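First the proteins, then the strands, lettered A, B, ... as listed; each starts at 1. On a predicted model such as this, the values are computed, not experimentally measured, just so you know.
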Protein chains: 2
Amino acid sequence: MADTSTRSVERALLLLGAVCERGTVSLAEAARDAGLSASTALRLLRTLESTGFVRRDGAGGYRAGLRVVQLGAQALSSESLVSLAEGALDRLVGLTGESAYLSVPSHDGHGVYLAVREGTHSVRHASWVGRSIPLEGTAVGAVLSGATPSTGYVVVRDGVEADVTAIAAPVRAGGRIAAALSVVVPSYRIREDESAGIGMHVAREAAAILPVTSATPEGESA
Amino acid sequence: MADTSTRSVERALLLLGAVCERGTVSLAEAARDAGLSASTALRLLRTLESTGFVRRDGAGGYRAGLRVVQLGAQALSSESLVSLAEGALDRLVGLTGESAYLSVPSHDGHGVYLAVREGTHSVRHASWVGRSIPLEGTAVGAVLSGATPSTGYVVVRDGVEADVTAIAAPVRAGGRIAAALSVVVPSYRIREDESAGIGMHVAREAAAILPVTSATPEGESA
DNA sequence: ATTTGTATTTCACTTATTGAAACTCCATTT
DNA sequence: AAATGGAGTTTCAATAAGTGAAATACAAAT
């Protein structure tokens with residue numbers, strides 16, 4: 001197995017990431033971000049362009065192409081977890097008025113929000129599908145790494161983001177932890193004892209997302 | 001300039017497309033789809049895997065990774081056209097009860113639905129964001145290639161999809177055509193004279209999406 | 001036990017990728 | 001106006017990096 005990895009492809013994907021994150025980049029910026037020489041970056045960006053993954057705007061800047069939108073939408077809709085979790089998200093928002101999220105582990109120490117329901121309070125936590133979140137020091141991270149205490153939920157006050165408290169619980173698929181369900185609250189609005197109450201709701205909803213099957217996990221997430 | 005394109009990258013992107021379209025594929029299938037030898041496909045898929053663009057399920061199959069979801073969501077949300085068109089889509093659905101779409105040209109003779117509003121009739125056209133549509137023989141295609149007659153809209157009955165009639169009009173950004181706005185109706189439900197009425201509405205809404213500026217197009221779409 | 005199909009590894013061949021340098025534009029500065 | 005600096009682009013020789021056939025390993029089907 002080893003490090004079988006294709007350099008030019010790795011680099012191209014790095015560039016693609018840089019372009020998507022920045023929204024619009026010049027060749028020089030993209031090259032710097034990805035640590036490549038301008039000529040190499042140009043060549044790779046052209047390849048990305050000819051395949052629709054990247055496009056150029058009037059001014060010559062690079063931005064995400066439609067292929068990215070297309071594949072992303074397809075991939076998201078094939079995540080049945082998202083549809084399974086919709087009821088739970090809605091109920092949590094209804095119950096608490098706070099924003100609720102479904103997240104899964106992504107790569108290198110991060111997770112992603114796969115589904116989002118915004119809260120109803122006018123001051124509320126706001127994020128978006130696709131948002132990348134660190135696993136270290138977050139409630140979602142604790143849950144996804146299996147560090148959920150016996151209470152069934154994790155509360156992290158003022159973790160990565162200041163002034164917000166996150167309450168998360170694991171969505172289990174057979175043996176594995178497939179995802180985390182969480183509610184995020186402006187810290188000023190919540191007392192210790194309240195977080196416990198919400199925690200129990202989150203834990204209950206999370207537990208109910210996947211049918212309790214004694215069968216093999218197997219097809220796991222998705 | 002010429003064909004400056006990096007083969008391994010092209011191939012990797014082909015594989016990524018194959019994986020995303022099929023939902024879940026074995027190595028052999030993916031390799032066949034992309035016309036690659038198994039060993040090459042394996043190497044490239046591993047690279048895609050290590051960067052989060054592809055992941056493997058329990059059975060060893062390949063499926064779209066979270067990076068795809070993430071970048072896709074980001075890209076879609078940075079398309080300001082989508083939010084600008086929301087009102088128009090809503091009004092068209094309200095007026096006609098039929099499904100309404102915003103589409104833009106993608107690559108090689110195809111377009112993509114960037115935004116969708118489902119109609120309210122129980123028998124209605126249904127599609128999804130990211131859906132790829134041919135430009136040949138479709139109302140959207142005619143509009144995007146600038147073939148809109150002076151009436152301001154295009155009607156295509158039973159074009160690519162049988163039994164449906166599409167009515168489309170161009171969204172202009174300065175000089176360019178940035179997108180197409182369309183309504184898609186089951187053909188049995190619409191008479192000639194009705195399509196003209198809807199056409200005028202579509203054309204009016206499409207024209208109003210972007211502020212009429214005499215300034216340079218420039219930043220165009222997005 | 002044999003066959004068939006897929007996944008994976010190895011390896012010699014060489015093709016395809018690479019980056020420095022050169023050149024062109026264009027906007028700013030002197 | 002000339003000079004400067006920065007971005008985008010092209011060229012090209014060096015070789016690092018990617019390729020696919022074949023070998024091996026595994027598993028399921030006959």
Original post:
Going by heavy atoms in the side chains, are B/R43 and B/R46 under 4.5 Å from each other?
Top reply: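 Not in contact.
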**OP:** Kindly indicate whether the side chain of B/D90, heavy atoms from C-beta on, has any atom under 4.5 Å from the side chain of B/R117.
**Re:**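 In contact.
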**OP:** Using a heavy-atom cut-off of under 4.0 Å over every strand shown, decide if A/S37 touches base, sugar-phosphate, or nothing.
**Re:**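 Base, at least one base heavy atom under 4.0 Å.
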Rounding to an integer number of Å, can you tell me how far [X] [atom1] sits from [N] [atom2]?
X	N	atom1	atom2	result
A/E29	D/dG8	CD	C1'	13 Å
A/R46	D/dG8	CZ	P	12 Å
A/R11	C/dT18	CZ	P	5 Å
A/D57	D/dG8	CG	P	12 Å
A/L45	C/dT17	CG	C1'	15 Å
B/L36	D/dG20	CG	P	7 Å
A/L15	C/dT18	CG	P	10 Å
A/L42	C/dA22	CG	P	19 Å

What is the minimum heavy-atom distance between [X] and [Y], and which atoms define it?
X	Y	answer
A/A115	A/V129	CA-CG2, 4.1 Å
B/S132	B/H110	OG-ND1, 3.4 Å
B/C20	B/V68	SG-CG1, 4.3 Å
B/S182	B/V140	OG-CG2, 3.8 Å

Which nucleotide wins on minimum distance to the side chain of [X], given the candidates [options]?
X	options	value
B/L27	C/dA7, D/dT9, D/dG18	C/dA7
B/Y62	C/dG19, C/dT8, D/dT9	C/dT8
B/T40	D/dT9, D/dG20, C/dT18	D/dG20

**OP:** Answer yes or no: are there more than 12 heavy-atom neighbours, outside A/E86 itself, under 6.0 Å from its atom CD?
**Re:**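 Result for CD/A/E86: enclosed.
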Original post:
Can you find a side-chain donor-acceptor pair between A/S8 and B/S8 that sits under 3.5 Å?
Top reply: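 Short answer, yes.
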**OP:** Enter the inter-axis angle for the ends of the helix from C/dA1-D/dT30 to C/dT30-D/dA1 (five pairs per end, rounded to 10°).
**Re:**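 Comparing the axis at each end, I get an angle of 30°.
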May I ask you to verify if any side-chain N or O of [X] is less than 4.0 angstrom from the OP1 or OP2 atom of [N]?
X	N	value
A/R7	D/dT15	no
B/S26	C/dT6	no
B/R43	C/dA7	no
A/S39	D/dT10	no

Original post:
Taking atom OG1 of B/T51 and atom CG of A/L14, what is their separation to the nearest 0.5 Å?
Top reply: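 So the gap between those two atoms works out to 8.5 Å.
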Subject >> Presence of salt bridge, B/R67 and A/E21, under 4.0 angstrom >> reply: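 Result for this pair is yes, salt bridge flagged.
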Subject >> DNA chain D: 5'-proximal contact among B/S8 and A/G60 (nearest heavy atom) >> reply: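 Closest to the 5' end, via its nearest nucleotide, is A/G60.
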**OP:** At under 4.0 Å between heavy atoms, which parts of nucleotides 23-30 of chain D does protein reach? Answer with one letter per nucleotide, 5' to 3': B base, S sugar-phosphate only, - none.
**Re:** --------
